[in-house]
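These notes are about the structure you will find just below.
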2 protein chains.
Amino acid sequence: MPVPKGSTIDPARTRAAIVDAATPLLYERGLDGVGVAELCARLGVSRETLYRHFGTKGGLVQAVLQARSDRVHRWMAAAVTAAGADPADQLAAVFDALGEWYREPTFRGCAMVNAAAQHHDDPVRAITARHLDRYLDLLSGIAARAGAADPGALGRQLLMLVEGATVVATHHGAAAGTAEQAREAALALLAAASRPPG
Amino acid sequence: MPVPKGSTIDPARTRAAIVDAATPLLYERGLDGVGVAELCARLGVSRETLYRHFGTKGGLVQAVLQARSDRVHRWMAAAVTAAGADPADQLAAVFDALGEWYREPTFRGCAMVNAAAQHHDDPVRAITARHLDRYLDLLSGIAARAGAADPGALGRQLLMLVEGATVVATHHGAAAGTAEQAREAALALLAAASRPPG
DNA sequence: AGTGGATGGTACCGATCGGTTCGATCAGCG
DNA sequence: CGCTGATCGAACCGATCGGTACCATCCACT
């Protein structure tokens, strides 16, 4: 039964379509860079439908950010698991995936960082903070499997490389091998931390 | 002669005062988060004066960003020169300075990254790109003095740590020793690159 | 004292913003 | 068929936006 009881057209499908269509537009032009009018026009959706599903523009923004965070996380997790069991290979896979992202013509930096730079208020910050937390979990897990003495600290250092590489790639173009340099730095840190000190 | 020929009140002084007063406000609330009306009210400046000096709000934004970039660069350069001749000490001084910044209650992330996230258009991007370039020059110089095989590549890796640490500090609070972890990572990369491979 | 440029204060402009409302339309279920 | 609810399209609202115009004021130099 593709349609839930008591309704004719599936609202959940409409909602998902709106989120999917709004995501690239809000990412490219910025959360405040595109108004509701243009948003509805590009989405092929009436104003009333948008407000009935999300209540406010901020609600749509939160839904878009949450969906994007989930998507990025699934993408990264898939890249890691596809890299095999070696923690170094897994870490290299993370930065290779980032390199692919940087080379996409639509790349405009980390959507979470961009969003937080604009709306340093309420619920958006919660979403971006959770996004970074999930990233940290992924990297700390790699650090732990590599036998790092302090997986949490190494994970945070690796997270800095991930976000820093994204910032540098955003501002210095994708041509230079930003992802490759970040990967080498990450592997060097991982190797140093896996080796007992002294 | 504090006053230039042919004028009564020094316009340059007024302009500098406007830039100084607008800087923290635009940094805290975002470039688009504060309107011209409130801006003038907080600055104690009439609308006409602001537009005569900067032509448009974008002109004021560019002047503010340029001034902040200059100030940050002077601050970092001073921290480096005060650290002595050892490149490792100089690099540590950079991250210690960052740590002080992160702990300031007004810290809200890198103003250049925030600005670029909002206005990914022409002149703002030029200012932020030059800001990162100057940062890169500073770090590459340290890498070169440390005898790195590829000072440019190491400089970019260190730049990633600087910007990444700033992002993490912005989203994870200043409590955790973000700057210290970044400093250790940077020193580890510097030591590894100064040592001949193999 | 008088002159002229710099400023403050304020009203005003058109445009756009986010958000609301209303009626027509359309798809599915009984 | 008739009913119900999701949707569209467009008009509309108040607020705010960046920017302009006008005038009184004020300061510094002659």
Side-chain angles (χ1 to χ4, degrees), chain A residues 1-22 25-26 28-65 115 118-124, chain B residues 1-22 25-26 28-65 115 118-124:
Chain A
M1 56 188 72
V3 172
K5 62 171 184 182
S7 74
T8 55
I9 304 178
D10 188 355
R13 214 182 233 13
T14 305
R15 181 189 164 102
I18 293 177
V19 170
D20 284 353
L25 198 53
L26 290 175
E28 180 182 359
R29 308 248 308 269
L31 301 181
D32 294 333
V34 46
V36 177
E38 183 185 357
L39 213 41
C40 290
R42 298 274 198 124
L43 270 49
V45 158
S46 78
R47 238 174 157 83
E48 182 171 353
T49 299
L50 193 151
Y51 280 105
R52 178 160 24 83
H53 278 292
F54 302 97
T56 181
K57 186 189 178 184
L60 171 62
V61 165
Q62 295 169 36
V64 165
L65 289 179
Q118 295 161 359
H119 293 11
H120 38 66
D121 47 346
D122 5 309
V124 167
Chain B
M1 58 186 72
V3 171
K5 61 171 185 181
S7 76
T8 56
I9 303 179
D10 188 355
R13 216 182 229 16
T14 305
R15 181 188 162 102
I18 293 177
V19 169
D20 284 353
L25 199 53
L26 289 175
E28 181 182 0
R29 308 251 305 270
L31 301 181
D32 294 333
V34 46
V36 176
E38 183 184 356
L39 213 41
C40 290
R42 298 274 198 124
L43 271 47
V45 157
S46 78
R47 238 175 157 82
E48 184 170 349
T49 298
L50 193 151
Y51 278 106
R52 179 159 24 83
H53 279 292
F54 302 97
T56 182
K57 186 189 178 184
L60 172 63
V61 165
Q62 295 169 35
V64 164
L65 288 179
Q118 296 161 357
H119 293 11
H120 40 64
D121 47 346
D122 347 313
V124 167

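Basis for what follows: all heavy atoms, side chains included, without hydrogens, waters or symmetry-related copies. Here is how names work: the chains are called A, B, and so on, in the same order as the sequence lines, proteins then strands, and each is numbered from 1.
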Strictly under 3.5 Å: I want the nitrogen or oxygen pairs between protein and nucleotides 9-14 of chain D, one per line.
| unit_1 | atom_1 | unit_2 | atom_2 | d |
| --- | --- | --- | --- | --- |
| dG9(D) | O6 | E48(A) | OE1 | 3.2 |

Item to check | Atom-to-atom span, NE2 of H53(B) to C1' of dG8(C) - whole angstrom | outcome: 12 Å
Checklist entry - Between I18(B) (CD1) and dT7(C) (P), how many Å, whole number? => result 7 Å
Checklist entry - Counting just side-chain N and O atoms, does T49(A) come under 4.0 Å of either OP1 or OP2 of dC8(D)? => result yes
Checklist outcome for this item: The correct set of residues in residues 30-37 of chain A placing a heavy atom under 4.0 Å from DNA chain C is G35(A), V36(A)
Checklist entry - Atom CD of E38(A) to atom P of dG18(C): distance rounded to whole Å? => result 10 Å
Item to check | Residues in side-chain contact (heavy atoms from CB on, under 4.5 Å) contact with T56(A), at least two apart in sequence or another chain | outcome: none
Item to check | Pairing residues for H53(A) by the side-chain hydrogen bond (donor to acceptor under 3.5 Å, both in side chains) criterion, not counting sequence neighbours | outcome: none
Checklist outcome for this item: Between V19(B) and F54(B) the two heavy atoms that sit nearest each other are CG2-CZ, 3.7 Å
Next on the checklist: Tell me which pairs pass salt bridge (charged side-chain N to carboxylate O under 4.0 Å, His left out) where either residue lies in residues 46-63 of chain B, with sequence neighbours left out.
Outcome noted: none
Checklist entry - Residues two or more places apart in sequence or in another chain: which of them pass side-chain contact (heavy atoms from CB on, under 4.5 Å) with E38(A)? => result R29(A), V34(A), R42(A)
Item to check | For the student: nearest non-hydrogen atoms of L50(A) and V45(A), plus distance | outcome: N-CG1, 4.0 Å
Item to check | 5′-ward residue of the pair G55(B)/R52(A) relative to DNA chain D | outcome: R52(A)
Checklist entry - Are any of T56(B)'s side-chain N or O atoms less than 4.0 Å away from OP1 or OP2 of dG18(D)? => result no
Checklist entry - To the nearest Å, how far apart are R13(A) CZ and dT7(D) P? => result 12 Å
Item to check | side-chain hydrogen bond (donor to acceptor under 3.5 Å, both in side chains) against D32(B), all qualifying residues, sequence neighbours excluded | outcome: H119(B)
Next on the checklist: Using whole Å, what does the distance between atom C1' of nucleotide dT7(C) and atom CG of L43(B) come to?
Outcome noted: 14 Å
Checklist outcome for this item: Between NZ of K57(A) and C1' of dT20(C) the distance, given in whole Å, is 17 Å
Next on the checklist: I need the CG-P distance between L39(A) and dG18(C), as an integer number of Å.
Outcome noted: 9 Å
Item to check | L39(A) to A22(A) - nearest heavy-atom pair and separation | outcome: CD1-CB, 4.5 Å
Checklist entry - Does L31(B) offer a backbone N or O that forms a donor-acceptor pair with the side chain of Q118(B) under 3.5 Å? => result yes
